[in-house]
Amino acid sequence: MNDAFLPGNGFDTYEEQDRVLMGLSGSVRSGVAVRILQQQGFAVAAAVVRLADTPEEHAAVDAARALAKKLDVECVTLNAEALAGQDAEAARFAALLTAADKLGIQYIATGHHARVELGSDGVHTVSPAVDAALDESAALAALPQNTLSRLLLPLGEFTATDVQEMAQDFKVNGTV
């Protein structure tokens with residue numbers, strides 16, 4: 001991977017210690033997203049959203065909390081069972097935004113492969129990821145402006161190979 005694409009090499013655009021609440025899963029890509037945000041100067045807190053009281057959801061929470069511990073970031077569990085009837089993506093973003101507001105955190109982030117761009121008209125739009133094979137922009141396209149204006153998607157600029165190389169560099173192991 002070309003060093004010019006690594007965060008920290010002119011990639012930072014945010015003030016030192018702006019805060020971001022990262023929607024964390026136990027995946028390698030969410031761990032890489034945390035490290036990218038940290039290199040960009042963010043103080044990262046993590047949250048895992050639990051939509052149901054099921055063994056699968058409990059396992060996902062445990063995996064995210066284990067990753068947060070390894071990354072040495074604080075992680076809270078957001079019990080969002082009341083939102084379970086909604087679209088899962090919309091419910092997770094609603095829970096993240098509510099928690100960020102309560103914690104006084106300006107930005108939220110996830111490990112989705114897509115990009116948020118601000119148009120000259122002041123409207124935020126979801127754009128495809130650089131790596132078309134990983135693109136998840138369609139799943140995020142319906143998010144409202146108040147969510148998009150606060151959403152950071154650090155993986156959208158990178159290919160699968162870039163993410164794998166960063167995972168090795170950052171010593172983030174597990175499943176992508």
Side-chain angles (χ1 to χ4, degrees), residues 1-50 60-78 89 92-118 124 126-127 129-131 134-137 139-140 143 147-176:
M1 178 172 64
N2 184 333
D3 285 342
F5 291 110
L6 284 176
N9 293 340
F11 195 65
D12 331 51
T13 58
Y14 298 96
E15 296 295 321
E16 185 69 23
Q17 292 308 298
D18 273 346
R19 296 173 66 205
V20 63
L21 184 62
M22 174 72 191
L24 198 66
S25 70
S27 71
V28 168
R29 71 185 199 175
S30 67
V32 170
V34 167
R35 291 297 191 231
I36 290 170
L37 291 165
Q38 289 172 329
Q39 284 192 357
Q40 290 176 332
F42 285 100
V44 179
V48 58
V49 179
R50 190 181 76 185
V61 168
D62 291 344
R65 294 185 69 76
L67 179 59
K69 184 175 181 174
K70 180 177 182 167
L71 298 170
D72 196 27
V73 295
E74 179 184 350
C75 184
V76 296
T77 301
L78 305 177
E89 290 292 343
R92 288 181 201 282
F93 282 103
L96 282 173
L97 282 173
T98 300
D101 288 343
K102 287 182 181 178
L103 296 169
I105 296 175
Q106 172 66 30
Y107 300 104
I108 61 169
T110 69
H112 286 92
H113 286 273
R115 297 176 295 150
V116 176
E117 296 181 351
L118 178 61
H124 292 84
V126 177
S127 298
V130 168
D131 189 333
L134 299 175
D135 181 50
E136 297 174 293
S137 59
L140 307 178
L143 291 174
T147 301
L148 294 177
S149 67
R150 297 176 62 187
L151 180 61
L152 304 175
L153 300 170
L155 299 182
E157 300 292 333
F158 299 101
T159 65
T161 302
D162 293 338
V163 172
Q164 289 171 346
E165 288 177 8
M166 284 187 279
Q168 290 175 346
D169 292 345
F170 298 147
K171 297 180 179 21
V172 178
N173 305 334
T175 59
V176 176

Quick one: [atom1] on [X] to [atom2] on [Y], what's the gap to the nearest 0.5 Å?
X    : Y    : atom1 : atom2 : result
L148 : I108 : CG    : CD1   : 9.0 Å
K171 : D169 : NZ    : CG    : 7.5 Å
H112 : L151 : NE2   : CG    : 8.5 Å
T147 : L97  : OG1   : CG    : 4.5 Å
E74  : R65  : CD    : CZ    : 9.0 Å
S30  : L71  : OG    : CG    : 7.5 Å

Show the nearest heavy-atom pair for residues [X] and [Y], with the distance to one decimal.
X    : Y    : result
A47  : L78  : CB-CD1, 3.8 Å
V172 : L67  : CG1-CD1, 4.2 Å
D135 : S127 : OD1-O, 4.4 Å
I36  : P154 : CG2-CB, 3.7 Å
L155 : H113 : O-ND1, 3.5 Å
A109 : V20  : CB-CG2, 3.7 Å

Side chains of [X] and [Y] in contact at under 4.5 Å (non-hydrogen atoms):
X    : Y    : answer
T110 : L153 : yes
H124 : L118 : yes
L140 : F93  : yes
V130 : E157 : yes

> Have D162 and T159 got a donor and an acceptor in their side chains that come within less than 3.5 Å?
Replying inline: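 Yes, side-chain donor-acceptor contact under 3.5 Å.
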
> Does A45 have any side-chain contact (heavy atoms from CB on, under 4.5 Å) partners at least two apart in sequence or in another chain, and if so, which?
Replying inline: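 Counting only residues at least two positions away or on another chain, A45 forms a side-chain contact (heavy atoms from CB on, under 4.5 Å) with L21, I105.
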
> Listed by chain and number, what are the side-chain contact (heavy atoms from CB on, under 4.5 Å) partners of R92, not counting sequence neighbours?
Replying inline: V49, L51, E57

> Donor-acceptor pair, R19 side chain versus Q106 backbone, under 3.5 Å?
Replying inline: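 A pair under 3.5 Å: no.
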
>> Using only atom types and a distance under 3.5 Å, with no angle test, would you say the side chain of D131 pairs donor to acceptor with the backbone of F158?
In response: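 Not confirmed, D131 side chain does not pair with F158 backbone.
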
> Got a sec: does the CD of E117 have more than 12 other heavy atoms crowding it under 6.0 Å?
Replying inline: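 Atom CD in E117 is crowded, with more than 12 foreign heavy atoms closer than 6.0 Å.
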
>> Does atom NZ (K70) have a neighbourhood of more than 12 heavy atoms from anything else shown, all under 6.0 Å?
In response: yes

>> Run the side chain to side chain contact (heavy atoms under 4.5 Å, CB included) test on V73 and Q38 for me, step by step, so that the C-alpha distance in whole Å, both residues' side-chain angles and the decisive distance to 0.1 Å come before the verdict.
In response: CA-CA 10 Å; V73 295; Q38 289 172 329; 3.4 Å; yes

